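Positions are given from 1, in the same order as the sequence printed here. Source: prediction; values computed, not measured.
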Amino acid sequence: MSFKRLHSRLKGSQNSFDQLANAFEAEGRAMQQTFEPDICEPDSDYEREIERIRNVDTKLGRTFERLNRHQRHAVFYETQNAILSAMVGSGKTTVLIAKLFYLHFIEHIPFEQMVVLTFTNKAAKEIKERITGFMGEADAAMNEQLRYLGTFHGVARQLLHEHPHLETLGFKPGFAIMDEQEKQEFLERLIVQEQLTIKYQNQLAKRWRKYNQSGEIRMGNMKTDDDFGSLVQRADVEKRAINTMDFDDLIRLCNKLLKDHVVLSPRWIIVDEFQDCNDDQLAMIESLRGETTKLFVVGDRNQSIYGWRGSKEHLFQEVQSRWAASWMELPQNYRSTESILAAAENLLNQQDGALIATRRAGKPIEMVRHFDDQQEAYYLREKLLALQRENESLDSVAVLFRTHQQIKIVETVFEQAGIPFQLVARKELHENPAQAFLLRILKACINPNDSDACLALICDSTFGALKRSKTLIQALHERSAGTTVPEALREYLMKRKAVSEEHLKLLIQIEKFEAEFVPNLNATADELIDYLSVRSILKPTSIHHNAYVAAIAEAWNQLSRYRNENGWGDSSSMFRVALDQVVLEGSFQINGRIKEQGSGVHLLTIHASKGLEFDRVYIAGANTGIIPLEQHNKASKNIKEEKRLLFVAITRGKNEVEIGWHAQPTLRNAEPKPSYFLNAIPASLLIQRESAVPSSADIVVQPQDEWTIGQLVQHKKYGEGRIVSVEEKELVCSFKSVGEKSFSKTFAKALLTTEE
């Protein structure tokens, strides 16, 4: 190591242990962890306890028989507060569910006296499905019992809705939730409405987060304040006036309400993926704790990869002392082969045996040198085509990437070759114009005075009747007392030369929807479309009309299924819960699972792969500068998190793991060498080789003169578009549905159909 470079990394710092450790990590070395908890080891196999359970219920007894010694200890051991350090692939979800079964069926603790907190909707669904699968078909009564099982945001929403003192915060039961795009539009409306001077308007969300974290209202090189402080104050007032919260409000206000008015002290709080907690989520746990509440938190320090969301590297150490918690471990890995696990263990410089493999050695990890990202994409194509010829299922294969940008070229090559794949990523609801339009309509229906929802549907870029303007915003703001927003919009529309009769009808139906339509739990999508009078708004002469109608039908069917399967209470409450779930998940796909069978190979980022497992894993583009990202390689606090991210990627693999890197990387800041993190893996656990160079016939180049600005094109996903820019290697097209998208000329011919 260069001590001169090490000194430069530490220069000007306070030289804390963490800074010193990070500096060593950035030089490719690691300092050993010093935290060694006092482990509460199992001293029994709990056979007597299991026999007692068998006598109560044979089926339940079999559930606990399958647990190993450490897993049984985590379920049965009596303690006030427990931290379960669950190594990767050790069956933590199985243990968490067994704990719930034991508490409910054996200790007779009602589910409504347990708060179960997860970080993803997928995890919450899986736990609920396992419970209802054991108990039988879910009904309204069971859904109500399980109402405190969900994500932190989902449970916070539930606690706020039912809290008897909610109105002390200025909100009423039945409040709506705005997503990030709606929040941007909400703030932009306030800026116009209040005539505020705000800099960096395209970064309002970033400024808002910074303000919540530190109270700062300046950004960038600002020398003087703008009106951002006034915007924050006005937004707080306006959100209460329209009875709408944003995501950040849910947990923050829930904590405030629970602190001021304690009405719920659950007997148990159970937390999944505890390592991902930030300060607000920890405060929520503390706010829920009563004197007799017991805590059971499960997590893996090695999978702490969300520092950018506020999670802490040393969280386990901090809370163990604070809670005087018993520390238990699940050391056995049931997922990966011994070779994969040994490589992962060395990557984090852990002591031998920290991860205990239960499977045979298997194949070593392969590290493959590719010329560039294009060669790797063709190499992966050939690998997957070979698997198809051998009738291997591609559902069990994943290609992992550090950044979303890396996925595009592999997606293009697979699409050309007809290889089925699924992009496992959060699909932004607003990328689907028909469903985004429907969401705004439904939000206006449950709250007709939601100015932003009403504005959004009337000014929708695809289905609207007006352009969003200062005049329109001021007209709504200055409407006479007693006039609703839909009424004011109708008055405004009727003053226009070309009155949209369809939109006038829609605005009338909005105010009657909750009373007339919502009680019909079996209403079809066609009945919805006809009731709202939107069929003629959905561009009946457009080639996309059928797709728009189908998208709305899919969205309505998802909503109806969710409220019928997961709701309780009256029809209006069930409808609002379902609509809130759409906003919380950012999609109308609120009933499905992430891993879909029959959809092909998974293309996803490493962050998105957490919690998943695959028979074969290919980690693409693992160069220094990508893993770790160049900006995290300067003694930053994120450097160790980047190494844990690679650990997560490797441990997704059950049988085979292959890591690719590029001799001539094309991504910015990528260096022409593999991630230096891989130096920690012994050569005996790796096979290093080069991939074959594809022939020039494999590459289809689109002649430059075939693309012209203004040319109409068709994309099977984005629909009709027009070329707006032609560069040396890239085309930029503007699509009606999603805006501008760029395409490499190398692959554009396979993706775009030109129209004469």
Side-chain angles (χ1 to χ4, degrees), residues 167-172 175-250 252-253 256 430 440 443-444 446-461 464-493 495-496 507 510 583:
E167 294 193 12
T168 62
L169 297 176
F171 292 92
K172 300 175 183 177
F175 61 82
I177 305 170
M178 65 173 76
D179 63 24
E180 288 303 307
Q181 179 160 331
E182 290 168 331
K183 184 175 178 179
Q184 177 77 17
E185 294 171 357
F186 164 76
L187 294 174
E188 289 174 352
R189 171 176 66 83
L190 286 181
I191 292 169
V192 172
Q193 181 178 297
E194 305 299 323
Q195 301 180 34
L196 302 175
T197 300
I198 302 292
K199 298 178 181 178
Y200 300 105
Q201 286 195 33
N202 62 334
Q203 299 188 54
L204 284 173
K206 185 175 180 180
R207 292 192 67 180
W208 197 273
R209 283 194 300 271
K210 189 175 181 181
Y211 174 81
N212 283 339
Q213 292 168 359
S214 62
E216 292 184 47
I217 59 175
R218 295 187 188 180
M219 186 175 179
N221 297 319
M222 289 174 58
K223 304 296 184 184
T224 59
D225 294 346
D226 57 5
D227 294 331
F228 189 77
S230 299
L231 176 63
V232 171
Q233 295 175 4
R234 189 68 192 90
D236 282 342
V237 173
E238 184 74 3
K239 281 189 283 190
R240 286 162 174 78
I242 63 175
N243 203 33
T244 299
M245 296 186 189
D246 62 36
F247 279 9
D248 294 332
D249 292 331
L250 289 172
R252 181 175 58 85
L253 293 178
K256 176 176 174 53
H430 298 281
R440 299 307 179 84
K443 293 190 80 170
I446 63 172
N447 185 3
N449 277 323
D450 184 340
S451 299
D452 299 290
C454 292
L455 267 174
L457 67 91
I458 288 298
C459 302
D460 187 90
S461 59
L466 299 171
K467 287 188 176 181
R468 193 180 177 101
S469 66
K470 293 181 179 180
T471 304
L472 174 57
I473 291 172
Q474 289 297 341
L476 284 185
H477 179 53
E478 296 167 1
R479 67 185 185 275
S480 58
T483 302
T484 66
V485 173
E487 288 172 346
L489 280 173
R490 290 203 303 273
E491 291 176 9
Y492 190 91
L493 273 174
K495 294 176 183 177
R496 315 295 292 177
L507 290 169
I510 278 173
V583 179

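Note that CD of Glu167 is 12.5 Å distant from CZ of Arg240, once rounded to the nearest 0.5 Å. Summarising the geometry, atom NZ belonging to Lys239 is positioned 12.0 Å from atom CG belonging to Leu169; distances are rounded to the nearest 0.5 Å. Here Thr244 contributes atom OG1 and Asp249 contributes atom CG; the two are 10.0 Å apart, rounded to the nearest 0.5 Å. Considering CE of Met219 and NZ of Lys206, their distance stands at 4.5 Å, rounded to 0.5 Å.
In this model, a donor atom of one side chain and an acceptor atom of the other lie less than 3.5 Å apart for Gln184 and Glu188.
Side chains of His477 and Leu190 form no contact here, defined as non-hydrogen atoms less than 4.5 Å apart. Put simply, the side chain of Leu455 reaches to within 4.5 Å of the side chain of Leu472, judged on heavy atoms.
Side chain of Asp450 to main chain of Ala444: no donor-acceptor pair is present (N/O by atom type, distance under 3.5 Å, no hydrogens or angles). The main-chain N or O of Ile198 is never found under 3.5 Å from a side-chain atom of Asp227 such that the two would form a donor-acceptor pair. Under a 3.5 Å cut-off, the side chain of Asn447 and the backbone N or O of Ile242 do form a donor-acceptor pair. Thr483 places a side-chain N or O within 3.5 Å of a backbone atom of Ser480 that can act as its donor or acceptor partner.
Ring orientation note: the planes of Tyr211 and Trp208 are tilted relative to one another, at an angle of 30° to 60°.
Under the 6.0 Å distance and 45° angle rule, Arg207 counts as a cation-pi partner of Phe228.
Salt-bridge formation is detected for the pair Glu182/Arg440: a Lys NZ or Arg NE/NH1/NH2 atom is positioned less than 4.0 Å from an Asp or Glu carboxylate oxygen. Salt bridge status for Lys199 with Asp226: absent, with no side-chain N to carboxylate O gap under 4.0 Å. Salt bridge status for Arg189 with Glu185: absent, with no side-chain N to carboxylate O gap under 4.0 Å.
By the neighbour-count criterion of 12 heavy atoms within 6.0 Å, atom OH of Tyr492 is densely surrounded, having more than that number from other residues, nucleotides or ligands.
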